[in-house]
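Chain A is the first sequence line, chain B the second, and so forth, proteins listed ahead of strands; every chain is numbered from 1.
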Amino acid sequence: MHRGKGMKFVGDSRIPAERKPNIPKDYSEYPGKTEAFWPNFLLKEWMVGSVFLIGYLILTVVHESPLERKADPTDASYIPLPDWYFLFLYQLLKYKYAAGDYTLIGTMVMPGLAFGALLLAPWLDRGPERRPVKRPVATGLMLLALASVIYLTWESVVNHDWEKAEQQGKIVEVEIDKEAPGYKVYQKQTCIGCHGGNLSGGSGPSLIGTGLSAEEIANIAKNGTGAMPADQFKGTPEELKQLSEFIAGLEKK
Amino acid sequence: MLQKMYDWVDERLDITPMWRDIADHEVPEHVNPAHHFSAFVYCFGGLTFFITVIQILSGMFLSMYYVPDIINAYESVYYLQNEVAFGVIVRGMHHWGASLVIVMMFLHTLRVFFQGAYKKPRELNWVVGVMIFGVMLGLGFTGYLLPWDMKALFATKVGLEIAQTVPVIGPALKTLLAGDATIIGAQTLTRFFAIHVFFLPGALLGLMGAHFIMIRKQGISGPL
C-alpha cells in the first residue's frame, strides 16, 4: 500500500485515488477442501436455511399459536405456568431445599452458580485440551447439568394438570339465543341500547354471568341501580319474568 | 450498468475493501457439511441468527397491530390472530420462533462447549455468547406477557415474585420491572413492551455484532 508522500486523493476527501481491485482471494493453497465463503458456501447455507424454513412454516401452520382468555387479575384459582424453557427453574422451586425458608437457594444460589460457571467456563477449564474425553470434569459437569435440566423439565410436565390448564385458560364465548322470548323482551324494552346486542355491555355493564337471581334482576329492571334509572321496564309482569329468567340463565362457562 | 454504478460509489467511498472483508473468508473442510455430514453441528449458530432475523421481521409486522395497554392489548392480539390477513401466520412465526431460537442457541452452546472451542484465544467470544443467551431468555420472559391473556399475566406474576427474592435489590428490581411495588398492571405491560421491543433488541444487536466481528477476526476453531 502506498503511504505518505505522493499519495493522491479523490477531491479534498481522504479516499485514495488509486482503486483497489475487486477480486476474490485464492484458497487453492489452503489445507484440505477449503472453499470460499462467497459465493460457494453461502449458497449451501441458504439451502440449509430453506429446508429449515419449510419445517418452521409447517410447524406454524399446523400448530396455531395459543391464546387464552383475557387476563383477569382477580382470578385467584388460576395455576400459573411459564413458557417451556423456564419449566426446570419453576420445578426446582417446588423442592423442599429450594423453597420456603430456602427459597434463596432455588431462586438465586443454584441458577446463579450455574450461569456464573457457564459465563466463566474459559477460566474454570484452562487446560489446552479440547476433546471432551480429555477434560472429564468440564464434560461431566455439563452432562450433569443437562441431565438435571431435562429431568426437572420432565417432572414439571408430568406433574402439571394439563386438562385443567386447558379449561382454566379457555376463551369463553357465550352463545345468546336470540330467538328466546326473554331476548325478544330484552329488545323490545330497549335494554339493548345500553347493554348491547350480545348482552356483553355498552354504556351499561355486561349482563353475562352477573351471579344475580331472577328476582334481583327483575327488581333492578323495575327500580334501577347505580347509574341505571328506575322504571326502565314498561312491560307486563309476564314479560318481566321472561326477561329476568333469561338474563339470570346467562352464565360464564 | 451495475458495474458503473458500483464504480461510481467505489470511487467516492472506497467500498471494495469493506465488501472484500465481508465476502473473503475461507470455510475449512472440517466445518463444511458437504464434505463431512457430522459438520451439521456447525449450522446451529447460523440458524440461531436466521431465526433472530425472522423474529425481528415478524415482530415489526406484529407491532403494526399490537397496542401495549391493558384495555386493548388482548383485543389487538385476538384481532391479529383471527381477523388480520396472515395474522395467524405472522404471530405463529413469532411464537414458534421464540422457542426455536432457544433450542438452536442451546445446541450451538453445547457444540461450542463440548468442542472446547471457548478456549484461548476465544474466551471473550464465549462470554459475549453467554450474554446473548441471557438477553434471549429476557426477550422470552418479557414477550410472554404481551398478549395479556391469563397465562401471560400469571407467569409474569410468578417471575416477578422470584425477582423480588433477590437479596437487597430484590424489591427495587421488581419495582423497576413492574412499575409498582405491588400492582402488576398497566405500567408493567408498557415496561415489558419497552424492554421487549427497544432495550433488549438493542443490546442483542450490539452483542451479536461483537460476536460476529470476533469470529471473523479469529476464524473458526480448528478440527479436534
Student check: side-chain heavy atoms of A/Lys44 and B/Val27 closer than 4.5 Å
no

If I take atom CD1 from residue B/Ile70 and atom NZ from residue A/Lys70, how far apart are they, to the nearest 0.5 angstrom?
7.5 Å

A/Arg19 side chain vs B/Asp7 backbone, donor-acceptor pair below 3.5 Å:
no

Quick one: CD on B/Glu123 to CZ on A/Arg126, what's the gap to the nearest 0.5 Å?
8.5 Å

Between chain B and each of A/Val61, A/Asp83, A/Leu81, count heavy-atom pairs under 4.5 Å; write down the option with the most.
A/Asp83

Where the side chain of A/Tyr27 meets the backbone of B/His25, is there a donor-acceptor pair that is under 3.5 Å apart?
yes

Structural part of A/Lys33 lying under 4.5 Å from a heavy atom of chain B
both

As an exercise, state the distance from CZ of B/Phe154 to CD1 of A/Ile79, rounded to the nearest 0.5 Å.
11.0 Å

Please classify the contact of A/Arg14 with chain B as side chain, backbone, both or neither, using a heavy-atom distance under 4.5 Å.
neither

Is it true that a side-chain atom of B/Lys120 and a backbone atom of A/Pro122 form a donor plus acceptor pair closer than 3.5 Å?
no

Max heavy-atom pairs within cutoff under 4.5 Å with chain B, candidates A/Val48, A/Thr139, A/Asp125, goes to A/Asp125

Tell me, for A/Ile15 versus chain B, whether the close heavy atoms (under 4.5 Å) come from the side chain, the backbone, both or neither.
side chain

Is B/Lys119 salt-bridged to A/Glu129, going by a charged N under 4.0 Å from an acidic O?
no

Can you say whether B/Phe133 sits under 4.5 Å from chain A via the side chain, the backbone, both, or neither, judging by heavy atoms?
neither

Measure the spacing between CZ of B/Phe50 and CG of A/Leu53 and express it to the nearest 0.5 Å.
4.5 Å

I'd like to know if the side chain of A/Glu68 and the backbone of B/Asp149 have a donor-acceptor N/O pair within less than 3.5 Å.
no

Expected list for residues 95-104 of chain B: side-chain donor-acceptor pairs under 3.5 angstrom, two or more places apart:
| residue | atom | partner | partner atom | Å |
| --- | --- | --- | --- | --- |
| B/Trp96 | NE1 | A/His63 | O | 2.9 |
| B/Ser99 | OG | A/Trp84 | NE1 | 2.8 |

Where along residues 140-167 of chain A does a heavy atom come under 4.5 Å of chain B, listed by residue number?
A/Met142, A/Leu143, A/Leu146

With only heavy atoms counted, which part of A/Arg131 is less than 4.5 Å from chain B, the side chain, the backbone, both or neither?
both

Is there side-chain contact between B/Tyr118 and A/Leu118, with heavy atoms separated by less than 4.5 Å?
no

Winner by heavy-atom pair count (cut-off under 4.5 Å) against chain B, out of A/Tyr56, A/Trp123, A/Phe52
A/Tyr56

Atom pair NZ (A/Lys20) and OG1 (B/Thr16), whose distance is rounded to the nearest 0.5 Å
8.0 Å

Toward chain A, the part of B/Tyr6 with a non-hydrogen atom under 4.5 Å
side chain

Pull out the residues in residues 34-43 of chain A that come under 4.5 Å of chain B, heavy atom to heavy atom, sorted by number.
A/Thr34, A/Glu35, A/Ala36, A/Phe37, A/Trp38, A/Phe41

Within a strict 4.5 Å, meaning less than it, do heavy atoms of the B/Pro147 and A/Leu67 side chains meet?
yes

For chain B, which residues from residues 85-109 of chain A lie under 4.5 Å away (heavy-atom distances)?
A/Tyr85, A/Phe86, A/Tyr90, A/Leu93, A/Thr103, A/Leu104, A/Thr107, A/Met108

Applying a strict 4.5 Å limit to non-hydrogen atoms, the region of A/Ala138 in contact with chain B is both

Return yes if some donor-acceptor pair links the side-chain N/O of A/Gln168 with the main-chain N/O of B/Met150 below 3.5 Å, else return no.
no

So CZ of B/Phe114 and CZ of A/Arg135: to nearest 0.5 Å the spacing works out to 8.0 Å

Part of A/Pro66 lying under 4.5 Å from any heavy atom of chain B:
both

